[in-house]
Amino acid sequence: MKRLIILSLCAACSLVAEARKEFTLSSPNGKLKTNIVVDETLTYDITLDGRQLLEPSPIAMTLQDGEIWGRRPKVSGNSRKTVNESVSSPFYRADAMSNRYNELTLNFKRDWSVEFRAYDDGIAYRFVSKLRKYYEIKGETVDYRFTNDAKATVPLVAVGKDGDYESQFFNSFENTYTTARLSELSKTRLMFLPLVVEAAEGVKVCITETDLQDYPGLYLSTAGGDDRLTGVFARFPMRRVQGGHNMLQMVVESRENYIARVEEPRSFPWRVAIVTTSDKDLASTNLSYLLAAPSKVKDTSWIRPGKVAWEWWNNWNLYGVDFEAGVNNDTYKAYIDFASKHGIEYVILDEGWAKNRMANLMEVVPEINLPELVAYGKQRGVGIILWAGYYAFYRDMEGVCQHYANMGIKGFKVDFMDRDDQQMTDFNFQAAAICAKYKLLLDLHGTSKPAGLNRTYPNVLDFEGVFGLEQLKWVPATHDQVTYEVTIPFIRQVSGPMDYTQGAMHNAAKDSYRPNYSEPMSQGTRCRQLGMYMVYDSPFSMLCDSPSNYEREPECTDFIAKVPTTWDETRVLAGEMGEYIITARRKGTTWYVGGLTNWTARDMEIDCSFLDSGTYHATLFRDGVNAHRKGNDYRREEFDLKDRKLKVHAAPGGGFALKLEK
């Protein structure tokens, strides 16, 4: 009898051993690893140089019929590959990017698999379905289990009721950052992506997602435990009604009991953990772009990035003219003249050109003659971009795009989506595809992070999803925008370009800022605003201030107007999240370098050792000696750069802008 029991136990142990499988995947440099365990659940972890950053964390996908991909999974096969290639990125921060990783694919019975990739700066995974039938996904398990009560810097959803996720799903993805231990973060509020966790001393993990096609965006919550971040998804809308801002939104009144519908084989979004031991490396990562689906636009020769003269932030405030400024042709002709004079590629007609509360982009206000403006701009080499509320655009995308493309309009700025459930992320791709069909550019506002869309549809040049300069028209004097501005390059910008809308000519030193809707100002110095054109990724970059103000500042205006918006090379030279950043970008043989600091004055050293040999002529905009009192104070200097290390003093809330011509 004892022998029989022993044999039975041995058999049981053998079955367990046979069921449990472990796989290890390492980055190309061998420092970053993930150990994937297939047992009762499917888990993965992350280690860096032998230090565990993420404990075994479960991943799963639950179908509506009760099947769970990841519960007692059966591996039917696996494959590995190594990739080392160059990826074209002509409308972004470099003309090409190195794409180097190791990949492991685990195939499971019942037609699904999981792909893992290990880069030198991150670990990513995604589910892949081979099912050729319609089905619904009830939920997805995303669970980041850290090894300690780590400090995190996160953007909490700013609207909605505590604990009421449904009310928080309707948001514009704009908020500043909260920094606290995981256990100290609100358990009743959602966080949107990207966010950063200091998983170990000197190690930051940025969590984001990319290739977000036709699937709800990921939120995270600490409600599952002190050392954990747990995924939350908006369910699929059941009933929507027109409403919201000027009747231009679709408000969800009820939802289904699943998060996504699937009709054919597909891959799902990449879950990305970017791991760096240097903040400047975090600001340099390209993983969101590299993991996205390649371009679906075969001919991109018509895509023309550039700068945009923008009227909404400065409230159409022209002065010294012989007409009343506002939403009318005379005003926009003046903007076109300004853009043409300075080589600015576009002028935008923001909200107001179409009749209010009609949600009909064919209903133009009588003060505007669009064909006349298009012709006027064409004569002067300036394209016209139209603002569009989401529902007005969504209800007839094909008709609107065809009509205005035929008229000569160059693109749209679509606003107030304010959701990222499956229907809305699908809209982003539909809008991009239809705009590409009619050779129209697209700037997505009121939306979440880029999540790779700018690679798949490169005609989508810019995205909001950022607490941009527009907020300074109304936020109180107690608000600290300056610290936020030196944090976003390490978090939000990791996901892709951002339409921050810099370029203010009225600049407030510390304690001098006040909100002013009609004549707004920035926090920090003039040189800070100039430096943003190099620090921030923005292929479709706004000049937010009034042409009248710019004409009074010819030195700064001339510099801004000539800064490129796409680059052959980008290098983050130095930086600490929330403290400062210095970024260098090259176009041809000319380098542009921008620097920003927080409210701490500092001597910033620019290491120019990246330059080729030879002489470079420098044009430097730096904070004036009184910039700490008067934000507009600056000095412009020209000199030949002799030493490859240059020191520039930045005032509190200050910065610099440097042009280096060989």
Side-chain angles (χ1 to χ4, degrees), residues 27-29 31-32 46 48 82-103 115-126 193-196 204-213 269-295 300 305 449-458 460-463 465-466 488-498 534-540 564-575 577 581-587 594 610:
S27 60
N29 65 10
K31 294 184 176 182
L32 199 59
I46 298 177
L48 176 66
T82 295
V83 172
N84 189 358
E85 62 183 1
S86 180
V87 170
S88 176
S89 50
F91 308 114
Y92 196 25
R93 54 170 64 169
D95 57 2
M97 297 177 177
S98 173
N99 191 31
R100 182 168 173 254
Y101 62 87
N102 293 323
E103 181 177 282
E115 296 175 355
F116 292 88
R117 286 188 188 175
Y119 290 78
D120 287 343
D121 62 346
I123 299 291
Y125 74 88
R126 68 175 175 183
L193 303 182
L195 57 80
V196 167
K204 287 187 172 69
V205 176
C206 180
I207 298 172
T208 190
E209 62 183 341
T210 193
D211 204 20
L212 181 58
Q213 290 192 55
W270 287 100
R271 309 280 166 235
V272 189
I274 298 162
V275 182
T276 61
T277 56
S278 164
D279 285 8
K280 72 182 183 68
D281 290 341
L282 179 56
S284 302
T285 184
N286 297 317
L287 288 193
S288 185
Y289 188 92
L290 294 172
L291 285 160
S295 175
T300 61
K449 61 204 172 296
L453 179 55
N454 57 310
R455 181 182 179 189
T456 310
Y457 282 97
V460 188
L461 292 176
D462 235 336
F463 304 76
V466 64
I488 49 178
F490 305 91
I491 304 182
R492 161 60 183 85
Q493 192 165 268
V494 166
S495 184
M498 55 187 194
M534 284 72 79
V535 171
Y536 295 162
D537 292 318
S538 185
F540 198 62
T565 62
T566 59
W567 306 92
D568 297 327
E569 184 179 355
T570 293
R571 298 190 184 198
V572 179
L573 302 181
M577 189 172 78
I581 186 168
I582 302 174
T583 302
R585 300 183 190 259
R586 179 179 61 82
K587 192 73 169 182
F610 57 86

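In what follows, residues are counted from 1 in the order of the sequence shown.
A heavy-atom distance below 4.5 Å is found between the side chains of Ile46 and Leu32. In this structure the side chain of Arg586 never reaches within 4.5 angstrom of the side chain of Pro564, judged on heavy atoms. With a 4.5 Å cut-off on side-chain heavy atoms, Ile123 and Val275 do not count as touching. In this structure, the side chains of Pro458 and Pro90 stay at 4.5 Å or more apart for every pair of heavy atoms. Here the side chains of Arg455 and Pro294 are in contact, with some heavy-atom distance below 4.5 Å. By the 4.5 Å heavy-atom criterion applied to side chains, Thr277 and Leu48 are counted as neighbours. The closest side-chain heavy-atom distance from Phe463 to Lys449 is not below 4.5 Å.
Evaluation of the side chain to side chain donor-acceptor pair (under 3.5 Å) rule for Arg93 yields Asn286, Asp537 as partners, not counting sequence neighbours. Evaluation of the side chain to side chain donor-acceptor pair (under 3.5 Å) rule for Arg271 yields Glu140, Glu209 as partners, not counting sequence neighbours. Residues meeting the side chain to side chain donor-acceptor pair (under 3.5 Å) test with Ser27, sequence neighbours left out: Asn29. Under the side chain to side chain contact (heavy atoms under 4.5 Å, CB included) criterion, Ala584 pairs with Leu573, Trp591, Val593, Phe610, not counting sequence neighbours. The salt bridge (charged side-chain N to carboxylate O under 4.0 Å, His left out) search around Glu103 returns Lys81, Arg117, not counting sequence neighbours. The salt bridge (charged side-chain N to carboxylate O under 4.0 Å, His left out) search around Asp95 returns none, not counting sequence neighbours. Every side chain to side chain contact (heavy atoms under 4.5 Å, CB included) that Ala96 has, sequence neighbours left out, goes to Ser86. Remark: Arg571 engages Glu569 in a salt bridge (charged side-chain N to carboxylate O under 4.0 Å, His left out) (not counting sequence neighbours). By the side chain to side chain contact (heavy atoms under 4.5 Å, CB included) test, Ser98 pairs with Asn84, Arg100, sequence neighbours left out. Residues satisfying the side chain to side chain donor-acceptor pair (under 3.5 Å) criterion with Ser538, sequence neighbours excluded, are Asp462. Residues passing the side chain to side chain contact (heavy atoms under 4.5 Å, CB included) test with Thr210 are Trp270, Val272, Ser288, Leu291, Ala292, sequence neighbours excluded.
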Practice task
Could you walk me through whether Phe91 and Thr300 pass the side-chain contact (heavy atoms from CB on, under 4.5 Å) test, one step at a time?
Solution key: CA-CA 10 Å; Phe91 308 114; Thr300 61; 3.9 Å; yes

Problem - Full working for side-chain contact (heavy atoms from CB on, under 4.5 Å) between Thr570 and Thr583 - result: CA-CA 7 Å; Thr570 293; Thr583 302; 4.0 Å; yes

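Taking each heavy atom of Pro269 and Arg126 in turn, the nearest pair found is O-CB, 3.5 Å. Summarising the geometry of Pro539 relative to Pro305, their closest heavy-atom pair is O-CB, 3.2 Å, with the distance given to 0.1 Å. Taking both residues in full, the closest heavy atoms of Val460 and Asn454 are given as O-CB, 3.6 Å, listed atom of the first, atom of the second, then distance.
To the nearest 0.5 Å, atoms OG (Ser495) and CD1 (Ile488) are separated by 13.0 Å. Interatomic distance, CG of Leu282 versus CD1 of Ile274, reported as 6.5 Å (0.5 Å rounding). Once rounded to the nearest 0.5 Å, the distance linking CZ of Arg585 with CH2 of Trp567 reads 6.5 Å.
A parallel orientation is assigned to the rings of Tyr92 and Tyr289, their planes being inclined by less than 30° (bins at 30° and 60°).
Within a 6.0 Å radius of NZ in Lys587, other residues, nucleotides and ligands contribute more than 12 heavy atoms.
Screening Asn102, Thr285, Asn99 against Tyr119 for a side-chain hydrogen bond (donor to acceptor under 3.5 Å, both in side chains) leaves a single residue, Asn99.
Screening residues 273-290 for salt bridge (charged side-chain N to carboxylate O under 4.0 Å, His left out), with sequence neighbours left out, gives Lys204-Asp279.
Using modelled atom types, one side-chain atom of Ser89 and one backbone atom of Ala94 make a donor-acceptor pair closer than 3.5 Å.
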